[in-house]
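One structure is given here, and the rest of the page talks about it.
Residue numbers start at 1 and run along the sequence shown. As the structure is a prediction and not an experimental result, all values here were calculated from the model.
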Amino acid sequence: MKKLFTSIILLCCAFVAQAADLSENFSSLTKGTTYGSSSAETVSLPSGNWQALKMKLNENNGVKQFTFTSNTSSYLILTILVRLLLTGVLVVITN
């Protein structure tokens with residue numbers, strides 16, 4: 001039980017450290033564009049590669065933001081966070 005608790009704490013620390021350094025302004029992308037309209041699409045940004053499905057990039061008062069396409073399954077995932085999560089799960093399982 002102690003190993004499990006330690007593993008969970010380490011995993012949380014890894015997420016906090018990653019989140020503290022993560023920022024993205026989407027300035028390199030074109031507004032009004034829908035990414036991954038029919039299947040997941042990789043979007044390369046300075047913070048890393050993102051997987052997008054049915055996400056539209058809008059601009060409001062000079063700020064670019066992704067919005068979900070209504071009435072569909074949509075997502076935007078930073079792949080490095082998925083790798084951190086899977087690594088953390090494997091650590092917990094092996095302990």
Side-chain angles (χ1 to χ4, degrees):
M1 186 66 168
K2 188 175 181 180
K3 286 183 181 180
L4 175 64
F5 181 72
T6 304
S7 297
I8 292 171
I9 294 297
L10 289 173
L11 179 62
C12 290
C13 290
F15 276 118
V16 168
Q18 180 65 30
D21 295 333
L22 178 62
S23 65
E24 186 59 67
N25 62 12
F26 307 111
S27 62
S28 61
L29 302 178
T30 307
K31 68 178 180 178
T33 304
T34 300
Y35 294 91
S37 56
S38 59
S39 63
E41 179 179 343
T42 300
V43 180
S44 295
L45 296 166
S47 61
N49 291 328
W50 296 68
Q51 291 292 320
L53 178 66
K54 299 177 184 171
M55 299 294 295
K56 185 173 183 178
L57 186 68
N58 293 320
E59 188 170 350
N60 187 9
N61 294 328
V63 177
K64 290 185 178 179
Q65 58 194 9
F66 271 106
T67 57
F68 295 100
T69 304
S70 61
N71 300 323
T72 63
S73 297
S74 302
Y75 61 79
L76 182 66
I77 302 171
L78 179 58
T79 53
I80 193 164
L81 292 178
V82 172
R83 280 188 238 126
L84 274 174
L85 176 64
L86 291 176
T87 302
V89 169
L90 290 175
V91 168
V92 170
I93 291 172
T94 57
N95 284 332

Check: With sequence neighbours excluded, what pairs up with T42 under the side chain to side chain donor-acceptor pair (under 3.5 Å) test?
Finding: Q51
Margin query: How close do A52 and V43 get, counting heavy atoms only, and between which atoms?
Written below: CB-CG2, 4.1 Å
Item checked: Contacts of T34 that satisfy side chain to side chain contact (heavy atoms under 4.5 Å, CB included) - sequence neighbours left out -> S37, K56
Item checked: By ring-ring contact (aromatic ring centres under 6.0 Å, His included) - contacts of Y35 (at least two apart) -> F66
Checklist line | Which atom of Y75 lies closest to which atom of M55, heavy atoms considered | finding: O-CG, 3.2 Å
Notebook entry, point to check: Quick one: side chain to side chain donor-acceptor pair (under 3.5 Å) partners of T67, sequence neighbours excluded?
Noted result: N58
Notebook entry, point to check: Residues in side chain to side chain contact (heavy atoms under 4.5 Å, CB included) with T72, at least two apart?
Noted result: K54, T69, S74
Notebook entry, point to check: Under the side chain to side chain donor-acceptor pair (under 3.5 Å) test, which residues partner S44, sequence neighbours left out?
Noted result: N49
Notebook entry, point to check: Taking only residues two or more places apart in sequence or in another chain, which ones pass side chain to side chain contact (heavy atoms under 4.5 Å, CB included) with Q65?
Noted result: N60
Checklist line | Nearest heavy-atom neighbours spanning S28 and L45 | finding: OG-CD2, 3.5 Å
Notebook entry, point to check: Which distance, rounded to the nearest 0.5 Å, do you find between the OG1 of T30 and the NZ of K64?
Noted result: 6.5 Å
